[in-house]
Number of protein chains: 2
Amino acid sequence: MTASPPVARRRDAERTRAEILAVATAEFADRGYDGARVDEIAARTSTTKRMIYYYFSGKRQLYVAALEAAYARIREAEQQVSVDHLGPADAIRRIAEVTFDHHEANPDFIRLVSIENIHRAEHITRLPSLVKINTPAVLLLDRILSRGREAGEFRADVDAIDVHLMISAFCFFRVANQHTFGAIFERDLLDPARRAHYRKMLSDMVVAHLTTL
Amino acid sequence: MTASPPVARRRDAERTRAEILAVATAEFADRGYDGARVDEIAARTSTTKRMIYYYFSGKRQLYVAALEAAYARIREAEQQVSVDHLGPADAIRRIAEVTFDHHEANPDFIRLVSIENIHRAEHITRLPSLVKINTPAVLLLDRILSRGREAGEFRADVDAIDVHLMISAFCFFRVANQHTFGAIFERDLLDPARRAHYRKMLSDMVVAHLTTL
DNA sequence: TAACTAACGTACCGGTTCGTACATTAGGGA
DNA sequence: TCCCTAATGTACGAACCGGTACGTTAGTTA
């Protein structure tokens, strides 16, 4: 056995790279691209700043790598959902709930997307891995909408992307704008006591819209 | 007439201050707090950097002043809406449409709010002019909801802030996330050809939810 | 075991950027 | 008219920060 599995190698390119990416994701999500500090990312790592440039070439490329990895994780999570055994309305509810839970569980991703929008998506646009791939969520919605329309339960003037927009807008805003909303209206949108209320409100809203013919 | 109105005074504190604030608002909205450059703001002004510190003391205070002024303008615009002559459902539609138009017409305000949320609303929280004042929009919604419930047309398990959340989330997301959404789904949410569709979709959605008892 | 390369560390540089010390001028009031 | 102060302009400093030159070590392979 010459190729024994290396246990706790002193030098491990994969591990070092992954650690840098994880710390960078947190730092960029926390402070934004311009607010993030390369020195700070390095300090929170068990390695040095030199390694960031060794593996990622620069601050910008590190940010892009973090963004790409974050999107990849979301895509993978979306793949897991299956709603083929449910009726159209319940299937829509299920998608809404999964999206709701997903946004709540991944605030760093939400923040990265907000930050990327402040930069007018200039980085994401150049990522071939991100464009032109319809997300699992939208493909799923498209099938459900077809079933609902065939059954005469759903209206026909909205498509899958429109429904995805409705759902995402609510889920995203609730997390992304929790701070200003909380400051102005004195209502904590993430208060666990209100979670069930908003989760139900979202699916009620989407289903009510789709079934109002 | 010793106090003749000064026409195009060479020195005008009010005018200089206002110009700095206007340029700063655009710069902060464009690049975010950390991305904005004090030298750049000064360069776009007809005065110098020294005046920024003379009138606003520092970059941070300038940002806070820009944010505060932006919120004040929004409040003022919300005051103008009157829907007392409309039935509950149509009144809701009117509010949704006004909010929709308002978000589309003020992308800089949207961006400032996004930026402030990245900073977890740390600046806005310290502004006494912003907290505890219920916005005109919410007060209006509250009256409409009461009328709708009394008429037996509206459900009773949502309050004015909830409805405001539904409407704002959709309007805000459509503008704030247009870039990443456009890149991923290849759909321009601000395409004029789709404007009427989304405007109607929003009010349909909110009214459908409220009238589904 | 020698030698070669991937992986890692240290120290530092140069430009950027917020902020200010200091000088100056416009304009109103006594 | 003279003077006092609000308003403005210039030049510069000091710290920060992204990036790199240069040197070192671990692990692999012949």
Side-chain angles (χ1 to χ4, degrees), chain A residues 1-28 30-67 115 119 122-123, chain B residues 1-28 30-67 115 119 122-123:
Chain A
M1 299 289 275
T2 51
S4 63
V7 185
R9 286 164 42 135
R10 303 268 297 277
R11 296 195 162 194
D12 190 332
E14 274 311 303
R15 190 181 153 70
T16 301
R17 208 189 119 97
E19 190 193 7
I20 291 172
L21 198 58
V23 172
T25 301
E27 176 78 2
F28 283 124
D30 193 41
R31 318 230 184 173
Y33 178 76
D34 293 296
R37 296 289 165 250
V38 177
D39 282 303
E40 180 64 23
I41 294 171
R44 291 191 192 177
T45 302
S46 64
T47 180
T48 65
K49 182 164 65 161
R50 178 69 185 78
M51 288 299 96
I52 292 175
Y53 289 88
Y54 184 70
Y55 286 110
F56 296 96
S57 305
K59 183 184 181 181
R60 190 170 211 82
Q61 294 92 319
L62 177 58
Y63 167 77
V64 172
L67 196 63
I115 289 160
H119 292 272
E122 58 177 302
H123 310 98
Chain B
M1 298 288 277
T2 49
S4 64
V7 184
R9 285 163 44 133
R10 303 270 293 278
R11 298 193 159 194
D12 190 332
E14 273 311 303
R15 190 181 154 72
T16 302
R17 206 190 120 96
E19 191 194 6
I20 291 172
L21 198 58
V23 172
T25 300
E27 176 78 2
F28 282 125
D30 192 43
R31 319 229 185 173
Y33 178 77
D34 292 296
R37 296 287 165 252
V38 176
D39 282 303
E40 179 65 24
I41 293 171
R44 292 192 192 176
T45 303
S46 65
T47 181
T48 64
K49 183 166 62 160
R50 177 68 183 81
M51 289 299 95
I52 292 175
Y53 288 88
Y54 183 71
Y55 286 111
F56 296 94
S57 305
K59 182 183 182 181
R60 190 170 212 80
Q61 295 92 320
L62 177 58
Y63 167 77
V64 172
L67 196 62
I115 291 160
H119 291 272
E122 57 176 304
H123 310 98

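Just so we're on the same page: letters track the sequence lines, and every chain starts at 1.
- Fit an axis to the five pairs at each end of the helix from dT1(C)-dA30(D) to dA30(C)-dT1(D) and the two axes sit 0° apart, to the nearest 10 degrees.
- In this structure, L67(B) CG and F28(B) CZ are separated by 10.0 Å, a value rounded to the nearest 0.5 Å.
- Applying the salt bridge (charged side-chain N to carboxylate O under 4.0 Å, His left out) criterion to E14(B), with sequence neighbours excluded, gives no partner residue.
- If you check residues 32-44 of chain B against DNA chain D, you find no residue with a heavy atom closer than 4.0 Å.
- Using a 4.5 Å heavy-atom cutoff, the side chains of F56(B) and V64(B) are not in contact.
- Near-neighbour residues of DNA chain C inside residues 51-62 of chain B, defined by a heavy atom below 4.0 Å, number-ordered: Y53(B), G58(B), K59(B).
- Following rounding to the nearest Å, R31(A) (CZ) and dG18(D) (P) show an atom-to-atom distance of 12 Å.
- Ring geometry, Y33(B) versus H119(B): the interplanar angle exceeds 60°, so the pair is classed perpendicular (tilted spans 30 to 60°).
- The salt bridge (charged side-chain N to carboxylate O under 4.0 Å, His left out) check on E40(B) picks up R44(B), with sequence neighbours excluded.
- Residue A66(A) comes nearest to T25(A) through the heavy atom pair CB-OG1, 3.5 Å, listed as atom of the first residue, atom of the second, then distance.
- In this model, a donor atom of one side chain and an acceptor atom of the other lie less than 3.5 Å apart for S46(B) and E19(B).
- Applying the 4.0 Å criterion to OP1 and OP2 of dT8(D), one finds that T16(B) has a side-chain N or O inside that range.
- Here dC22(C) is the nucleotide among dA7(D), dC8(C), dC22(C) with the atom lying nearest to any side-chain atom of R50(B).
- Taking CZ from R15(B) and OG1 from T47(B), the interatomic distance works out to 11.5 Å, rounded to the nearest 0.5 Å.
- In this structure, T48(B) does not reach the dT10(D) phosphate: none of its side-chain N or O atoms is under 4.0 Å from OP1 or OP2.
- Contact of K49(A) with dG9(C) (side chain to base): no donor-acceptor pair of N or O atoms is detected under 3.5 Å.
- Summarising the geometry, the separation between CD on E19(B) and C1' on dA7(D) is reported as 14 Å, rounded to the nearest angstrom.
- With a 4.5 Å cut-off on side-chain heavy atoms, K49(A) and V38(A) count as touching.
- Of the possible donor and acceptor atoms, none in the side chain of S57(B) sits under 3.5 Å from a partner among the backbone N and O of Y53(B).
- Listed by first and then second residue, the salt bridge (charged side-chain N to carboxylate O under 4.0 Å, His left out) pairs involving residues 55-67 of chain A are R60(A)-E122(A) (not counting sequence neighbours).
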